[in-house]
Participant: 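Mind having a look at this structure? Questions to follow.
We count residues from 1, following the sequence as given.
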Amino acid sequence: MYAWPKNLLRRRSGSAHFAELVHPHIRQLYRMAFRWTGSREEAEDLVQDVLASLLARSVALENIQRLGPWLIKVLYHRYVDLYRRRRSSPVDEDVDWETVICSTSEEGISSQVGMQRALLQALSKLDAGWRDTVLLHDVEGYSLLEVADILDINVGTVKSRLHRAHRKLKKMLGEGTYSESHPC
């Protein structure tokens, strides 16, 4: 499903080495791009743009100790650069969350899907900075230091945002505060 960038890179550059370096991270790059843009097309374009800009730097990529977090940081900064002109915030407040919710839900387990939808709806109501912090730390599994590096903020700010976001999410998702959404 995510083989399109690797094939494209091999055709354009002949650099199988670059494709081998970035291919393990493409799925995560796409996931984060989709969460930020809310659109498959924009997410694909964003990932392609980042990969195309890094194509000539494959030798330098070898020297990066933790390539995954570094690529997410580059993706985030590129997202901010591309969308800053259109929005006052780098996070799209007009994302069609029903599309994001439906496309990221797991099939077959209705209560889990309902909880996942409720969580995504609650995340959509969080402040953009809090949402990015929660997505990177809790959903994608980055450490506090990595999140701080990706978002260019200090670790104390990451901790504070996580604490406040968790408290707000707990309040929004507390027992009886949500009902199961309609199926997609």
Participant: Could you check whether any side-chain heavy atom of Tyr30 comes within less than 4.5 Å of a side-chain heavy atom of Leu46, counting everything from C-beta outward?
Facilitator: no
Participant: Restricting to non-hydrogen atoms, name the atom on Lys125 and the atom on Lys168 that form the minimum distance, rounded to 0.1 Å.
Facilitator: O-NZ, 4.3 Å
Participant: Roughly how far, to the nearest 0.5 Å, is CG of Leu21 from CG of Leu51?
Facilitator: 11.5 Å
Participant: Locate the shortest heavy-atom distance separating Ala33 from Val47; write the atom from each residue and the value.
Facilitator: CB-CG2, 3.9 Å
Participant: Could you give the distance from CG (Leu71) to CG (Leu61), rounded to the nearest 0.5 Å?
Facilitator: 6.5 Å
Participant: In Å and rounded to the nearest 0.5 Å, what is the CD1 to CG distance from Ile72 to Leu29?
Facilitator: 4.5 Å
Participant: Taking side chain as C-beta onward, heavy atoms only, is Leu67 less than 4.5 Å from Ile64?
Facilitator: yes
Participant: Report yes if some heavy atom in the side chain of Leu123 is under 4.5 Å from a heavy atom in the side chain of Trp130; otherwise report no.
Facilitator: no
Participant: Atom CG of Asn154 and atom CG of Asp149: how far apart are they, to the nearest 0.5 Å?
Facilitator: 12.5 Å
Participant: If we only count heavy atoms from C-beta on, is the Leu136 to Met32 side-chain gap below 4.5 Å?
Facilitator: yes
Participant: Going through the distances and angles, do Trp70 and Ile150 end up as a side-chain contact (heavy atoms from CB on, under 4.5 Å)?
Facilitator: CA-CA 7 Å; Trp70 186 85; Ile150 290 169; over 6 Å; no
Participant: Run the side-chain contact (heavy atoms from CB on, under 4.5 Å) test against Leu145 and tell me which residues pass, sequence neighbours left out.
Facilitator: Ser143, Val155
Participant: Over 60° means perpendicular and under 30° means parallel, so tell me whether Tyr76 and Tyr79 are parallel, tilted or perpendicular.
Facilitator: tilted
Participant: According to salt bridge (Lys or Arg N to Asp or Glu O under 4.0 Å), does anything in residues 152-162 pair up with another residue at least two apart or in another chain? List the pairs.
Facilitator: Lys73-Asp152
Participant: Please report the interatomic distance CG(Asp138) to OG1(Thr133), rounded to the nearest 0.5 Å.
Facilitator: 9.5 Å
Participant: What heavy-atom pair brings Ala165 and Leu126 nearest, and what distance separates the two atoms?
Facilitator: CB-CD1, 4.1 Å
Participant: Which heavy atom in Tyr142 sits nearest to a heavy atom in His137, and how many Å separate them?
Facilitator: O-CD2, 3.1 Å
Participant: Donor-acceptor pair, Arg131 side chain versus Ser124 backbone, under 3.5 Å?
Facilitator: yes
Participant: Would you say the side chain of Leu151 lies within less than 4.5 Å of the side chain of Thr157, judging by non-hydrogen atoms?
Facilitator: no
Participant: Does the side chain of Gln121 come within less than 4.5 Å of Met172's, by heavy atoms?
Facilitator: no
Participant: Counting C-beta onward and ignoring hydrogens, is there a side-chain heavy-atom pair between Leu54 and Phe18 closer than 4.5 Å?
Facilitator: yes
Participant: Give every residue pair that meets the salt bridge (Lys or Arg N to Asp or Glu O under 4.0 Å) criterion with at least one member in residues 48-63, sequence neighbours excluded.
Facilitator: Asp49-Arg78
